[in-house]
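Counting starts at 1 for both ligands and their atoms, in listed order. Note that the coordinates shown come from a computational prediction; the quantities given were computed from them, not determined experimentally.
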Amino acid sequence: MKAWVFHAFGDMRLEEVPDPKAKSGYAVCKIRRVQPSITDVQRALGIGTINSALLKKQLEEHAPVQLLGHEMSAEVVEVGDGVSTLSPGDIVCTSGHIPCGVCDWCKEGKDPWCIDKLHVGINTPGAFAEMISLPEEGLVKVPEVLDDVSVACLQPFSSAVAAVRDSKISVGNSVAVTGQGVMGIYILQAARMCGAGSVFVTDVKEEALSLSEKFAADLVINAREKDAVSEVLKATKGKGVDIVFECAGGNPDQGLSGHETKQQAFEMVRIGGRVVQVAGLVGSVNVDPVFMRTQGINWIFPEGHGRDTISLGADWVAGGRVDLKSLVTHEVSGIDKLPEAMEITHKKEEYKATNPCQVALE
Ligand SMILES: [Zn+2]
């Protein structure tokens with residue numbers, strides 16, 4: 001089969017490699033569609049991000065090596081001995097990690113916390129290939145009615161589902177979402193599914209905010225034109241919202257807000273409210289503990305997604321209650337076009353892309 005093989009950071013080559021085998025407990029799947037995540041693109045280029053140290057080690061010890069690719073739609077073509085939940089023809093995606101199944105966290109059902117998990121595309125060959133072989137517990141079967149475009153989005157969407165679950169949202173809670181990139185829109189939809197009352201959203205880009213309107217946000221605030229905190233306080237009669245999902249922070253060099261929206265989140269949440277840190281944090285983080293203590297702010301870091309949040313998200317999409325597909329603005333055809341998809345994903349703003357660019361293999 002053809003697969004992208006990494007020789008070094010910034011040096012990946014499409015090569016002919018042996019087809020993967022259906023070992024005991026494993027399923028071999030044909031990739032139907034894959035999208036490079038933003039972190040995959042950063043990892044490929046050697047830009048420091050989550051698990052880059054692990055990737056560096058893999059390159060140093062094993063290059064040339066097949067790496068990256070975990071946001072996929074794939075079809076099971078062969079299963080090894082002992083596989084009981086998957087059969088040829090099933091459509092699957094992956095949560096991106098393979099839990100060990102035996103540590104204390106795994107036994108408690110908290111597989112995102114597994115102390116010995118394998119990362120798909122880092123510790124194992126990933127989905128930037130025509131086929132992939134993964135252990136059964138690393139794959140999630142999805143409803144047959146789903147289209148490949150949506151299935152390839154389920155892994156990142158499941159992070160939004162996990163963040164909303166961990167916010168402990170109750171029916172009617174007011175919500176603010178800072179940032180209306182793909183994750184912000186995912187959170188908007190997932191919060192609605194979980195009973196959110198009014199949802200207020202902020203961004204600095206008109207294109208992003210017009211999407212929020214399409215997804216029926218109650219109040220859309222252009223933070224370049226108006227003070228986001230004052231607008232949210234005004235809309236809540238000075239009280240602030242029950243929950244803020246901070247989805248805009250991160251490295252300003254990559255077009256993200258740095259720590260500005262985090263600070264806004266602390267100021268737009270009500271006394272005793274919850275701020276869920278969905279976006280990454282970079283550099284040294286300034287937080288005023290006296291302010292946090294006085295306001296009783298709960299700053300929450302989501303526990304992480306797993307098979308359960310993928311399956312829940314898949315059911316919402318299958319039932320037509322959540323729309324992931326219309327956020328996919330760019331696609332290319334053929335595994336050889338992966339570099340083009342990575343370029344578009346890396347420069348989403350320049351290409352006016354919302355979701356990462358998908359690669360169709362069929
Ligand atoms: Zn474990």
- Query: Leaving out waters, which are not shown anyway, how many protein N, O or S atoms lie closer than 2.8 Å to the Zn ion (ligand 1)?
  - Reply: 4
- Query: To the nearest 0.5 Å, what is the distance between CG (Asp148) and NZ (Lys325)?
  - Reply: 9.5 Å
- In Å, rounded to the nearest 0.5 Å, how long is the span from OG of Ser37 to CG of Leu68? 8.0 Å
- Task: Check step by step if side-chain hydrogen bond (donor to acceptor under 3.5 Å, both in side chains) holds for Glu340 and His330.
- Result: CA-CA 11 Å; Glu340 201 178 307; His330 291 64; over 6 Å; no
- Task: Quick one: pull up CD in Gln277 and CZ in Phe245 and give me the separation to the nearest 0.5 Å.
- Result: 12.0 Å
- Chi angles and distances behind the side-chain hydrogen bond (donor to acceptor under 3.5 Å, both in side chains) call for Gln42, Ser52: CA-CA 9 Å; Gln42 292 170 340; Ser52 346; over 6 Å; no
- Should His305 and Ser159 be marked as a side-chain hydrogen bond (donor to acceptor under 3.5 Å, both in side chains) after you check the CA-CA gap, both sets of side-chain angles, and the distance that decides it? CA-CA 5 Å; His305 59 274; Ser159 301; 3.2 Å; yes
